[in-house]
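Worksheet: one structure, shown below.
Note that the numbering runs from 1 along the sequence shown for the chain. First listed ligand is number 1; within each ligand, the first listed atom is number 1. Nothing here was measured: the structure is a model prediction, and the numbers come from that model.
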Amino acid sequence: MPLPQADFQSLKQIPIDQVLARYGVKLRPAGPHTLYGACPLPTHTSRQSRESFSADLSRRVWACHSASCMAARGGRIGGHAIDLVAMMEHCGLRQAGLRLQDWFGLRATDPPAVRPPARTSAPAACNPPLGFTLQGIDSCHPYLEQRGIFPATARLFGVGMYPGNGFLAGRCVIPICDDNSRLVAYAGRAVHGEAPKYRFPSGFRKSHLLFNLDRARHTGARHVILVEGFFDALKVHQAGHAVVALMGTSFSQRQSDLLAGYFPRATLMLDGDPPGRRAADVIAQFLLAKMTVDKVELPEGVQPDQLSSTEINFWLPRTTITL
Ligand SMILES: [Zn+2]
């Protein structure tokens, strides 16, 4: 049920600085009615445009003039309070309107028709679809070849060097989809040894999904390999197996439910180091009640991403090959 138009009009009148304050955004005065500062939007990836965000307190609107930020928002310069919340929360306008209503106590003309959203973030609200895709990703970059990733694999996964601006500039980007193949984030891998090794967008929650689950489940395989990292997954995929990656060594109840929801059997192939072995023990405990689990113990210092397809297939049970 949509919010009545009158309510959208009243929500647009909420002081924009109060909405920004909800997100902890601090801006500086630049005139009697104007604030400016760093752009807080998730679409803002440029590091050059440091002071590109402004808020007009009298008109109750905001704007960001960074070209890449605007392009990621469909070319729009800015908007009002509802647009801001929709951008910050990756949600639709109606949901953003309800959120504002909840925060600022505005009443709808027909109160029983409007239910404020729950304050707790349910799993479905986590990692919402991204709403934009990065352009110009180079899947034939030498970095991928160095790591043993075939161009066909890189293209299939959408992995490659990102030449644009922003926090992923000059990094190898890895698109991350949820189990329904909706793009929810990009990870950025440093390729020249710079820190941090991986960058993720703020607000992204690794614990709510498994990398490559959408592709793995569509292979029709009943047996999945669980690895730690993106490049482990790429290499195990190239060796012909259905594979998902944790994006680390921690494992959540949600990830356990996802995995067991799609597969009756899993083989854990974590890194051959103390954190990998500890994680494999914990994960096996999680999963054993729900599915058949076994694990491959790689030799000390060995990780799946360093192995050739032949070596991966030496360690994995032949029954898991799907391609
Ligand atoms: Zn911006």
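- Here 4 is the count of protein N, O or S atoms positioned under 2.8 Å from the Zn ion (ligand 1), waters not counted.
- Legend: residues meeting ring-ring contact (aromatic ring centres under 6.0 Å, His included) with Phe263, ordered by chain and number and at least two apart, are absent.
- By the 6.0 Å and 45° rule, Arg171 does not stack over the aromatic ring of Tyr186.
- Residues satisfying the ring-ring contact (aromatic ring centres under 6.0 Å, His included) test with Tyr162, not counting sequence neighbours, are none.
- Using a cutoff of 4.0 Å between basic side-chain nitrogens and carboxylate oxygens, Asp257 and Lys290 are scored as salt-bridged.
- Under the 30°/60° scheme for interplanar angles, the aromatic rings of Phe211 and Phe230 are found to stand perpendicular.
- Qualifying salt bridge (Lys or Arg N to Asp or Glu O under 4.0 Å) partners for Asp83, counting only residues two or more places apart in sequence or in other chains: Arg76.
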